[in-house]
Each structure stands twice: as structure tokens, then as C-alpha cells.
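In what follows, chains carry the letters A, B, and so on, assigned in the order in which the sequence lines appear, proteins first and then strands, with residues in each chain numbered from 1.
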Amino acid sequence: MSPWKELIEYKNLSKLGFHETLTGGQCFGWNTTSDNSWIGSFSTKVVELRFENRTIFWRTSLTYPATSEEILEYLWVEKSYDDAINELPWRSDSVLAECIEALPGLRILKQSIDETLFYFLLSSAKSIPQIQAIGKLVFQKYGKKLFENIYSFPGWDRLAQIPERELRMLKLGYRAKYVAQTARFIASRQNWLESIMELKYADAKKQLLRLPGVGEKVADCTLLFGGNFLEAFPIDTWIEKSMEKRYNLNGWNTAQKLHFASMHFGKFAGLAQQFLFSAERLKVFKD
DNA sequence: CTTTGACCTGGAATC
DNA sequence: TATATCAGGTCAAAG
């Protein structure tokens, strides 16, 4: 590892918001190394981050290094983040205001779409630690070793060569079929997944829905966390609960809730979703 | 077009 | 210490 360096001093960031960003379920490649530090990887770069006195410090692997610019981009530490927060309707929405206040600096990471799709294909009826665990088994077996205890995403072409039964042995359960079939779909279409990012949100989502194991929720997670589509609004059980309890949308179906989210939260609905989601998960509200 | 149940597995809840 | 339930969903069959 390189020596620790200061990445940036960040006034409006809490340890909780940062911790939740890295371990709250939008990504699965980070592990806590101490009370205030985390180690993980993105696009075969290994990084350790530390949060201290409103400042983020970083160090990186010598064999798989990242630059500070790459880390800032991955963490969405840019003016566009502040602008996005500013555009959310927290001035007139006290629920959202309370969530943002409780989790300063919570953000959407800029992950790669291939790896993000993979993880969310594993996510159904699994808790965050379980998704992390079974994902890691696959990385460990078919990926490249990047660091002690850190392995890379093998890539869809590699995954396409693996029989479903072999994936089942890695505890994927019925998700093995999703991964195996999706891998074959993607591997047989050159540049298909990457080109989705050039599309408009609705079209990109329509494309992802063609994949086996990808329903609305997984499609929106993939687009939001891996495709930089900030208007994507994944509705899982937590958000479902949030919409019904905090916004009184009992009896609304998913399409209606999605419409509400888009109208009410606007083009950064996905960022709002992350605050609502984490607030619900971390029990910010008394109920 | 909405509703229902199966699908793998295991950590967490209740006996 | 056992046994039953349910979990960041999807899909297909049935109403």
C-alpha cells in the first residue's frame, strides 16, 4: 500500500453518510477495516479510505493503483453532487429533509455497469452480507487476485463459460440460472451492455428487462448505481414501506409509485431514493 | 393487467 | 438445540 494521503476536506459529510454509502447495499465490494476506514476495489483498482476530522484520506495498492482523480470521480465528489442535492424538493418535503439531515454526504457511487448488474442479479431474497459473500465466491474462483482478500469481477465473457451447476455450487441457488443465462446473452452481443448507457433512461431500462433475472427493481438498481442514470428509482421493500408510511401512498401500485417519484423528486429521484432507503433501513424515523 | 406461489439457502426468530 | 419462517425479487401460471 502507498502512504496515506489527504483526498479532500469535506465539510458536509458525516461518517455515517460515508459509511452508509460504502456498505449500505448499493455496492458490495467494500469492507470496514476499522471504526473509520474501509477497503475495497473498483475497476481493478484497490483503495483504502479513511474518514477523520471531516477529511477523507486514501491510500492505494502498488500493483493495482488508483489516482486521487479516479477516487473523487468514483465517490461523486464534484460540484454536480451539491447541485443535485440542491435540486431535490427538501424545502417543501419534510420527510426528505429529515433523511438528508440525518445522513449528510450520502451519495450514489459511479460503479461499472457490468459488475453492478452482476451483484444485483444475486440480490433477490438476500441480505447485504449474503450478497457480498456469494459474489465474492464467484470473484474468488473466476476473477483475478488484486490484493489480500480482494478479487476482481471475472467479466461477463468469462461467466458465460461457466455451467449453471458450477455456479450453484457457489451457493447462488436459483440465481445461478439468472447469471448463467444473462452471461450468455451478453457475451453473444458485442458491446451490448456498455451501449445501454448511451440510451435514454426508459430505453435503457427496456433493454435490461430483456435479461433473465432482471425485473424492474434490478434494472433500476443497475441503471442508478452502475449506469449513472440518476432518475432511476428502484422500489424495494424498504422504499415500498417508505412510500406508504411517509408519503401515504397506500394502495398505489408500482407504476403509480414510480410516477409519483418521478414527478415529485424529479431528475435526481435516484438520489432521493438513496436517502429514503437508508433512513428507513437505519430507522431514522420513530415510526 | 393484477394476483399467487415456487424458486435456493441460511441467518435470525421463536419453541 | 431444533424447527419454521422469511429475506434488496423474478417469472409464469391463473384469475
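Taking the charged nitrogens against the carboxylate oxygens, A/K245 and A/E240 have no contact shorter than 4.0 Å, which rules out a salt bridge.
At a threshold of 4.0 angstrom between heavy atoms, the contacts of A/R175 include nucleobase atoms, whether or not backbone atoms are also involved. Residue A/K126 is in base contact, counting any heavy-atom pair closer than 4.0 Å across all strands shown. Note on A/E240: nothing from the nucleic acid sits closer than 4.0 angstrom, heavy atoms only.
Comparing B/dC7 with C/dT3, their P atoms are spaced 22 Å from each other, to the whole Å. Look at the C1' atom in both B/dA6 and C/dT5: the space between them is 16 Å, to the nearest Å. Of the P atoms belonging to C/dA13 and B/dC8, the separation is 16 Å, rounded to the nearest Å. The separation of C/dA7 from B/dT14, taken at their P atoms, amounts to 13 Å, rounded to a whole angstrom. Across the C1' atoms, B/dT9 and C/dA12 are found 22 Å apart, a figure rounded to whole Å.
Within the 4.5 Å cutoff, side-chain heavy atoms of A/L49 are placed close to those of A/L75.
Proximity note for A/Y174 (side chain, C-beta onward) versus B/dC8, B/dT2, B/dG11: the nearest is B/dC8.
A donor-acceptor pair is defined here as one N or O able to donate and one able to accept, closer than 3.5 Å; such a pair exists between the side chain of A/S188 and the backbone of A/F185.
The separation between A/Q181 atom CD and B/dC7 atom P is 16 Å, rounded to whole Å. With rounding to whole Å, A/W238 atom CH2 is found 16 Å from C/dG9 atom C1'. For the pair A/Y119 OH and C/dG9 P, the computed distance is 18 Å after rounding to whole Å. Between the CD1 atom of A/I131 and the C1' atom of B/dG11 there is a distance of 14 Å, rounded to whole Å. In this structure, A/L167 atom CG and B/dT9 atom C1' are separated by 15 Å, rounded to whole Å. In this entry the distance linking CZ of A/R165 with P of B/dC8 reads 16 Å, nearest Å. The separation between A/L170 atom CG and B/dC8 atom C1' is 14 Å, rounded to whole Å. Rounded to whole Å, the distance from CG on A/L121 to P on C/dG9 is 14 Å.
Between A/Y119 and A/F139, the ring center distance clears the sub-6.0 Å criterion. Taking the six-membered ring for Trp and the full ring otherwise, A/F260 and A/Y247 have centroids separated by under 6.0 Å. Here A/Y151 and A/Y142 keep their ring centres 6.0 angstrom or further from each other. Residues A/Y81 and A/W76 bring their aromatic ring centres within 6.0 Å.
If A/S127 and A/K177 are placed on DNA chain B by their nearest nucleotide, the residue sitting closer to the 5' end is A/K177.
With a cut-off of 3.5 Å on both Watson-Crick or G-U wobble distances, the partner of B/dC8 is given as none. Of the nucleotides present, none pairs with B/dC15 by Watson-Crick or G-U wobble criteria with both distances under 3.5 Å.
Side-chain N/O atoms of A/D114 and A/T116 include no donor and acceptor closer than 3.5 Å.
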Original post:
Reading nucleotides 10-15 of chain C 5' to 3', which nucleotides get B (base under 4.0 Å from a protein heavy atom), which S (sugar-phosphate only), which -?
Top reply: BS----

